[in-house]
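The analysis underlying the following values was restricted to heavy atoms, covering all of them including side chains, and did not include hydrogens, waters or symmetry mates. Remember, it's a predicted structure, so these values are computed and weren't measured experimentally.
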Amino acid sequence: MTEHSGGGGVDWNAEAATFDEEPDHGLRDPEVRRAWAQRLQEWLPERASDVLDLGCGTGSLSLLAAEQGHRVTGVDLSPAMVERARAKLAGRDAAFLVGDAAQPPVGEQRFDVVLVRHVLWALPDPGRVLRRWWGLLRPGGRLVLVEGVWGAFGISAEVVSALAEPLGGRVRVERLSEDSLLWGKDVDDERYAVVVRGD
């Protein structure tokens, strides 16, 4: 969910206390929350599935996935973010680990979905990282990558699609910039989702 594994030198532990105040981070606004829940419903399997949320931040997308009946494992480099995610999903079928999104500490465990929001752009060698994430999926699994370009930062949909093609799944790009409900405001930068399906 967040740019934690690089992120331009930001101290994400320090950011944890106020991170959820951004409309698209904390999803506190009911309309923003509903818009993200609807997108997740479209991107995630209908049946209860194992979802790996990499760069999970405070767990806002993890919570939406759990509310839709999925089992969630979240990974974030920031212990403060992980602590907040654990509190947010207390009592739900979810586990949160401190670790690097590029090399998640999940051992041999496999998932139905790898969900990543605003992380890939900040990682060195995104092609290698995508291959690693693809290898964490069960047969028929899917990668859901929400990314963008914000001024001098980010990674374009064209680049991510090209990096995803060799994985062998079906690649679909959804443009998200026009959907102001997702961001709690109008945006004029490039925001999108790339969904790579192995089924």
Side-chain angles (χ1 to χ4, degrees), residues 1-5 24-25 27 33-77 81-82 85-86 88-89 92-97 99-123 126-148 155 157 160-161 163-174 176 182 191-199:
M1 175 170 161
T2 53
E3 310 88 324
H4 295 169
S5 295
D24 61 314
H25 290 176
L27 308 182
R33 193 174 201 285
R34 201 164 26 253
W36 279 104
Q38 185 177 347
R39 291 290 179 158
L40 279 188
Q41 204 159 20
E42 294 166 8
W43 296 332
L44 302 181
E46 287 182 27
R47 61 178 171 72
S49 300
D50 293 308
V51 176
L52 178 61
D53 184 0
L54 296 175
C56 65
T58 61
S60 295
L61 291 187
S62 293
L63 179 58
L64 293 182
E67 287 175 349
Q68 293 178 14
H70 301 291
R71 299 169 296 277
V72 180
T73 301
V75 175
D76 202 282
L77 202 55
M81 292 281 188
V82 167
R86 285 176 178 151
K88 195 179 281 187
L89 278 86
R92 296 192 178 270
D93 195 353
F96 293 93
L97 309 168
D100 186 350
Q103 290 290 332
V106 293
E108 295 303 306
Q109 191 175 355
R110 291 293 177 266
F111 299 86
D112 301 299
V113 179
V114 173
L115 171 66
V116 193
R117 187 169 94 157
H118 301 170
V119 174
L120 186 64
W121 74 270
L123 301 177
R128 181 184 56 78
V129 171
L130 285 180
R131 288 190 298 276
R132 167 79 177 121
W133 291 346
W134 188 251
L136 294 172
L137 292 170
R138 294 183 178 124
R142 61 187 77 169
L143 274 179
V144 178
L145 310 165
V146 180
E147 290 292 339
I155 185 169
V160 174
S161 296
L163 291 172
E165 285 292 343
L167 299 175
R170 290 183 292 127
V171 179
R172 188 179 86 246
V173 178
E174 282 185 39
L176 304 179
L182 290 171
R191 304 186 188 197
Y192 61 88
V194 172
V195 180
V196 189
R197 296 179 60 143
D199 50 7

Ignoring hydrogens and angles, tell me if any N or O in the side chain of [X] forms a donor-acceptor pair with the backbone of [Y] under 3.5 Å.
X: Trp43; Y: Val144; value: no
X: Trp133; Y: Ala101; value: yes
X: Asp50; Y: Asp112; value: no
X: Arg86; Y: Phe96; value: yes

For a quick test of reading the model, state the closest non-hydrogen atom pair linking [X] to [Y] and the distance between them.
X: Lys88; Y: Ser60; result: NZ-OG, 2.9 Å
X: Glu147; Y: Leu120; result: OE2-N, 2.7 Å
X: Gln68; Y: Leu40; result: OE1-C, 3.9 Å
X: Leu89; Y: Ala94; result: CD2-CB, 3.6 Å
X: Asp53; Y: Ser62; result: OD2-OG, 2.6 Å
X: Arg110; Y: Leu137; result: CD-O, 3.9 Å

Which value, rounded to the nearest 0.5 Å, describes the distance between [X] atom [atom1] and [Y] atom [atom2]?
X: His70; Y: Glu46; atom1: NE2; atom2: CD; answer: 9.5 Å
X: Phe111; Y: Arg142; atom1: CZ; atom2: CZ; answer: 16.0 Å
X: Gln41; Y: Glu67; atom1: CD; atom2: CD; answer: 11.5 Å
X: Leu64; Y: Trp36; atom1: CG; atom2: CH2; answer: 9.5 Å
X: Cys56; Y: Leu97; atom1: SG; atom2: CG; answer: 8.5 Å
X: Glu108; Y: Leu136; atom1: CD; atom2: CG; answer: 9.5 Å

| task | State which residues pass side-chain hydrogen bond (donor to acceptor under 3.5 Å, both in side chains) with Thr73; sequence neighbours excluded, sorted by chain then number. | result |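 Once residues adjacent in sequence are excluded, Thr73 has no partner under the side-chain hydrogen bond (donor to acceptor under 3.5 Å, both in side chains) criterion.
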
| task | Check the pair Arg132 / Val114 against side-chain contact (heavy atoms from CB on, under 4.5 Å), numbers first and verdict last. | result | CA-CA 11 Å; Arg132 167 79 177 121; Val114 173; over 6 Å; no

| field | Glu42 atom CD: more than 12 heavy-atom contacts under 6.0 Å | value |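 More than 12 within 6.0 Å, yes.
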
| said: Heavy-atom count check: over 12 atoms from other residues, nucleotides or ligands less than 6.0 Å from Gln109 CD? | reply: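 Counting other residues, nucleotides and ligands, CD of Gln109 exceeds 12 neighbours.
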
| Are Val113 and Pro45 close enough that some pair of their side-chain heavy atoms sits under 4.5 Å apart? |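 They are in contact (side-chain heavy atoms under 4.5 Å apart), so the answer is yes.
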
| said: Are the side chains of Arg131 and Pro166 in contact, using a 4.5 Å heavy-atom criterion? | reply: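 Of all side-chain heavy-atom pairs linking Arg131 with Pro166, none is under 4.5 Å.
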
| query | Should Arg39 and Val146 be marked as a side-chain contact (heavy atoms from CB on, under 4.5 Å) after you check the CA-CA gap, both sets of side-chain angles, and the distance that decides it? | reply | CA-CA 11 Å; Arg39 291 290 179 158; Val146 180; over 6 Å; no

| message | Applying side-chain contact (heavy atoms from CB on, under 4.5 Å) to Leu145 and Leu130, what does each step give before you reach the verdict? | response | CA-CA 10 Å; Leu145 310 165; Leu130 285 180; 3.7 Å; yes

| Steps toward side-chain contact (heavy atoms from CB on, under 4.5 Å) verdict (Arg128, Leu123) | CA-CA 10 Å; Arg128 181 184 56 78; Leu123 301 177; over 6 Å; no

| query | side-chain contact (heavy atoms from CB on, under 4.5 Å) with Leu115: which of Val51, Leu143, Leu52, Leu54? | reply |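 Result for side-chain contact (heavy atoms from CB on, under 4.5 Å) with Leu115: Val51.
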
